[in-house]
Each structure stands twice: as structure tokens, then as C-alpha cells.
Amino acid sequence: METIKLTVPITINNNTHETLIVRRPKVRDRLAVERIKKTDAEKEIVMIANLAEVTVDVIEELDLADYAKIQEVLQNFLELSPAISD
């Protein structure tokens, strides 16, 4: 999991979000998103909302700089780590 401190906190339904905690995606997350008939951008937003356990409305209200931070975290989750040799 990764905690992202938002540069621009957002308030949705009287709930202020200053940070988002994003968990690592699993295959089932990818499959669930691929079943949705939406654009690639909308699929990404749905996946991020699911991984952060917030509604899509929260992700849609993010400042683009904060959204870019989350995209970077998601990309880092998807990259393979170099193998550690003994």
C-alpha cells in the first residue's frame, strides 16, 4: 500500500480527503475494470477509486497534479522489481 498526500485536499459529501491510501492491484481488479464498457481513462479512474476504496466522485475531483501522483504509484506497482540475488 502507498499513502499519497494530496497537494489540494478535496471535500465530497462533507468528508475531506487529505490523503489517499492506494493498495496494490490484483488480477481480479484488472478483470473487473476490463468488463466495464467505458473509455480507457474512465477505466483507470474506476480502478484507482477501487484501489483507494473511495468513490469515483472523489477521484474525479482530484487536482491533476495529485492524479498524476496516483498514476505514478499505480505504474510503480505494475513494474517488476529486480531480482535480489544471494
Side-chain angles (χ1 to χ4, degrees):
M1 289 201 290
E2 185 83 28
T3 301
I4 295 104
K5 181 169 177 27
L6 302 179
T7 305
V8 181
I10 58 169
T11 301
I12 302 284
N13 298 327
N14 294 323
N15 189 11
T16 300
H17 299 270
E18 295 180 358
T19 61
L20 289 177
I21 299 171
V22 181
R23 68 172 173 80
R24 294 183 62 83
K26 297 185 179 209
V27 172
R28 68 173 163 249
D29 296 311
R30 177 67 182 265
L31 291 173
V33 168
E34 288 303 318
R35 293 181 185 120
I36 300 170
K37 303 287 187 227
K38 295 186 182 255
T39 66
D40 288 343
E42 290 169 317
K43 287 179 182 181
E44 181 180 71
I45 290 168
V46 169
M47 178 176 278
I48 290 170
N50 183 42
L51 298 177
E53 298 182 357
V54 296
T55 64
V56 169
D57 293 342
V58 171
I59 304 305
E60 288 177 342
E61 285 300 316
L62 289 173
D63 183 87
L64 277 176
D66 288 325
Y67 187 73
K69 283 192 247 182
I70 295 171
Q71 285 178 309
E72 184 178 335
V73 166
L74 184 58
Q75 186 60 41
N76 288 340
F77 283 156
L78 299 177
E79 292 176 359
L80 293 175
S81 299
I84 299 174
S85 58
D86 293 321

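Only a predicted model underlies this, so the values are computations on that prediction, with no experimental measurement involved.
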Could you check if a side-chain atom of [X] sits within less than 4.5 angstrom of a side-chain atom of [Y], using non-hydrogen atoms only?
X   : Y   : answer
Q71 : L74 : no
V22 : I4  : yes
I70 : L51 : no

Residue pair [X] / [Y]: nearest heavy atoms and the distance that separates them:
X   : Y   : value
F77 : E2  : CZ-CB, 3.9 Å
E60 : I45 : CG-CG2, 4.3 Å
V46 : V33 : CG1-CG2, 4.4 Å
K5  : T19 : CA-CG2, 3.9 Å
Y67 : L62 : CD1-CD1, 4.3 Å

Suppose we screen for salt bridge (charged side-chain N to carboxylate O under 4.0 Å, His left out). Which residues come up paired with D29, at least two apart in sequence or across chains?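 R23.
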Please say yes or no: joined through hydrophobic side-chain contacts below 4.5 Å, possibly via intermediate residues, are [X] and [Y] part of one cluster?
X   : Y   : answer
L20 : V56 : yes
L6  : I12 : yes
I21 : V58 : no

Any sub-3.5 Å donor-acceptor pair from D63's side-chain atoms to A65's backbone N or O?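 Such a contact is found between D63 side chain and A65 backbone.
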L78: side-chain contact (heavy atoms from CB on, under 4.5 Å) partners, not counting sequence neighbours: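 So L78 forms a side-chain contact (heavy atoms from CB on, under 4.5 Å) with P25.
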In this structure, CG of N50 is separated from CD1 of I59 (nearest 0.5 Å) by 10.5 Å
Please, which pairs that meet salt bridge (Lys or Arg N to Asp or Glu O under 4.0 Å) have at least one residue in residues 38-57, sequence neighbours excluded? E34-K43
State whether the number of non-hydrogen atoms from other residues, nucleotides or ligands found under 6.0 Å of L64 atom CG is greater than 12.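 No.
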